[in-house]
Amino acid sequence: MPSEELHYPTKPYSKVNRYNARATYALKTIHEIVNTCPMLHVSFNVPDSPFPMMLPMIGQMGSFARPSADTGDVLELYLHGYVSSRLINLSRNKSSSSSSAGNGNGDDSGGTQTTTEQPSGLPITVGATHFDGLVLSLTPNSHSYNYRSAVLFGYAEVVTDVEEKLWAMEHITNGVVRDRYRHTRVPPNNAEMQSTSVLRVTIAAGSAKDRRGMPSDEKYDREDAALVDRVWTGVVPVHYTYGEPIPGPYNKLDKVPDYLDEFVKESNQDAREGAVEAATKAPAPKAKSEN
């Protein structure tokens, strides 16, 4: 763990402007939001398309070079995908073209040539959001959500090293269900390795933003006795819940394995307690400027 809290650099594209008092650029906060989000949304540009693409994907922050690094350290994002998907192909082609450009010969005519080194990989944006509560106020305009959100900006490259790919596949699988990987048929066979690709995203910047606490109505509404007497205000906590595991048609185990039973129970308890804490904790003060 770093000796001091690390932060992502604040870039024009990553800076939070509205309610910026709710923002943070701390690696630990951002990485924990990403690693506990069951679905990430990945956005990227497609050549000859007027619209950016967005895909739901699964992924985890981690470090192959430093497997023991925690969420407060500098990490990469690993994303799981199909070998011939558009995102994988674009990332592969972008990395190849960047490599070719880097190996090109300069102008040998005797003139001075200026080059600007570009990061390798496909530029992507990744979003993660947790919904923690319905904030019900005196007026519709003051209603809100309690939430935690994070956005990462980085460059995606296809992992070609077999050892790193296997590590990432295990890391992502255990990010879905803790300790699941070793309780399955592993390692993946050749067909599975050939059909699956893993993207490693080098992060350039990131930010997080959250809203916690109870409703925050205007003073004149709070002082309206008739309004306060007839309108219920407060927070309805919201949390992700795993149900009771249902055996599959060819399952032969008599009971749910301990590792899975513990994961479901602990995850549900943590989510429930987190949603209640989000409701009862005082919200961060609003920024002076909302522009």
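Source: prediction; values computed, not measured. Values reported hereafter were calculated over all heavy atoms of this structure, with side chains retained and with hydrogens, waters and symmetry mates removed.
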| Residue pair Tyr8, Leu152: steps toward the side-chain contact (heavy atoms from CB on, under 4.5 Å) verdict | CA-CA 10 Å; Tyr8 281 115; Leu152 292 171; 4.1 Å; yes
| message | Could you check whether any side-chain N or O of His239 sits under 3.5 Å from a backbone N or O of Ala271, counting only pairs where one atom can act as donor and the other as acceptor? | response | no
| query | Do Arg211 and Asn146 get their side chains close enough for a donor-acceptor pair, meaning under 3.5 Å? | reply | yes
| Is it the case that one hydrophobic cluster holds both Val176 and Met57, taking links as side-chain heavy atoms less than 4.5 Å apart, direct or via other members? | no
| field | Polar contact flag, side-chain donor to acceptor under 3.5 angstrom, Glu157-Ser120 | value | yes
| Given Tyr181 and Ile172, is the side-chain contact (heavy atoms from CB on, under 4.5 Å) satisfied, shown in steps? | CA-CA 9 Å; Tyr181 189 84; Ile172 293 171; over 6 Å; no
| task | Determine whether the side chains of Ser43 and His41 contain a donor N or O and an acceptor N or O closer than 3.5 Å. | result | no
| query | How far does NE2 of His143 sit from OG1 of Thr233, to the nearest 0.5 angstrom? | reply | 9.5 Å
| request: Taking the side chain as every heavy atom from C-beta outward, state whether Leu136 and Pro215 have any atom pair closer than 4.5 Å. | output: no
| query | Taking Glu76 for the side chain and Thr202 for the main chain, is one N or O donor matched with an acceptor at less than 3.5 Å? | reply | no
| query | Can you find a heavy atom in the side chain of Leu55 that is under 4.5 Å from one in the side chain of Phe44? | reply | yes
| query | So which heavy atom on Ile33 is nearest to which on Ala150, and how close? | reply | CG2-CB, 3.8 Å
| Do the side-chain N and O atoms of Arg86 and Asn89 include a donor-acceptor pair separated by under 3.5 angstrom? | no
| Option passing side chain to side chain contact (heavy atoms under 4.5 Å, CB included) with Phe64 (candidates Lys165, Arg200, Glu163) | Glu163
| How far apart are the C-alpha atoms of Thr196 and Met193, what are their side-chain angles, what is the distance that settles it, and do they pass the side-chain contact (heavy atoms from CB on, under 4.5 Å) test? | CA-CA 5 Å; Thr196 302; Met193 290 292 288; over 6 Å; no
| Minimum heavy-atom separation for Ser14 to Gly206, with atom names? | CB-N, 4.4 Å
| Shortest non-hydrogen contact from Ala208 to Ile30? | CB-CG1, 3.7 Å
| said: Let me check something: do Tyr82 and Leu122 share a hydrophobic cluster, defined by ILVMFWY side-chain heavy atoms less than 4.5 Å apart, either directly or through other members? | reply: no
| query | Any link between Val159 and Leu40 through a network of hydrophobic side chains (Ile, Leu, Val, Met, Phe, Trp, Tyr) touching at under 4.5 Å? | reply | no
| query | Would one find more than 12 heavy atoms of other residues, nucleotides or ligands at under 6.0 Å from atom OH of Tyr145? | reply | no
| task | Nearest 0.5 Å please: distance from the OG1 atom of Thr241 over to the CD atom of Gln269. | result | 12.0 Å
| request: Could you state whether Leu79 and Leu90 fall into the same hydrophobic cluster, counting links through intermediate Ile, Leu, Val, Met, Phe, Trp or Tyr residues with side-chain heavy atoms under 4.5 angstrom apart? | output: yes
| Any donor and acceptor pair, going by atom type alone, linking the side chain of Lys94 with main-chain N or O of Ala156 inside 3.5 Å? | no
| remark: Heavy atoms of Arg178 and Tyr259 approach each other most closely as O-CD1, 3.6 Å
| task | Determine whether Lys11 and Phe153 make a side-chain contact, defined as any pair of heavy atoms from C-beta on separated by less than 4.5 Å. | result | no
| Could you go step by step and tell me if Val74 and Arg66 meet the side-chain contact (heavy atoms from CB on, under 4.5 Å) rule? | CA-CA 10 Å; Val74 176; Arg66 298 171 290 106; 4.2 Å; yes
| Are any of the side-chain heavy atoms of Pro38 and Tyr240 separated by less than 4.5 Å? | yes
| request: Spell out, yes or no, whether Val177 and Met169 are grouped together once hydrophobic residues are joined by side-chain heavy atoms under 4.5 Å, including indirect joins. | output: yes
| query | Under the criterion side chain to side chain contact (heavy atoms under 4.5 Å, CB included), which of Leu199, Val83, Leu87 is the partner of Arg92? | reply | Val83
| request: Report yes if some heavy atom in the side chain of Ile203 is under 4.5 Å from a heavy atom in the side chain of Met61; otherwise report no. | output: yes
| task | Please work out whether the ring planes of Tyr242 and Phe263 are parallel, tilted or perpendicular, with thresholds of 30° and 60°. | result | tilted
| request: Examine distances only and state if a side-chain atom of Asp217 and a backbone atom of Leu138 form a donor-acceptor pair shorter than 3.5 Å. | output: yes
| said: Could you check whether any side-chain N or O of Ser137 sits under 3.5 Å from a backbone N or O of Thr139, counting only pairs where one atom can act as donor and the other as acceptor? | reply: no
| Parallel, tilted or perpendicular: rings of Tyr78 and Trp167 (30°, 60°) | perpendicular
| How many angstroms lie between CG in Asn189 and CD in Gln194, if you round to the nearest 0.5 Å? | 10.0 Å
| said: Nearest 0.5 angstrom please: Arg272 CZ to Asn268 CG, how far? | reply: 6.5 Å
| query | Only one of Asp210, Thr29, Asp132 forms a side-chain hydrogen bond (donor to acceptor under 3.5 Å, both in side chains) with Arg148, so which one is it? | reply | Asp132
| note | One should read off an interatomic distance between His7 NE2 and Leu27 CG, to the nearest 0.5 angstrom, of 8.5 Å
| Smallest separation among heavy atoms of Lys255 and Asp258, with atom names | NZ-OD1, 4.1 Å
| query | Is Glu277 close to Arg212 at the side-chain level, that is, under 4.5 Å between some pair of heavy atoms? | reply | yes
| task | Could you tell me the separation between the CG atom of Asp224 and the CZ atom of Arg230, rounded to the nearest 0.5 Å? | result | 8.0 Å
| said: Looking at Lys15, I'd like to know if its NZ atom is crowded, meaning that more than 12 non-hydrogen atoms belonging to other residues, nucleotides or ligands lie closer than 6.0 Å. | reply: yes
| note | Minimal heavy-atom distance between Asn174 and Arg180, with the atoms involved, is OD1-N, 3.0 Å
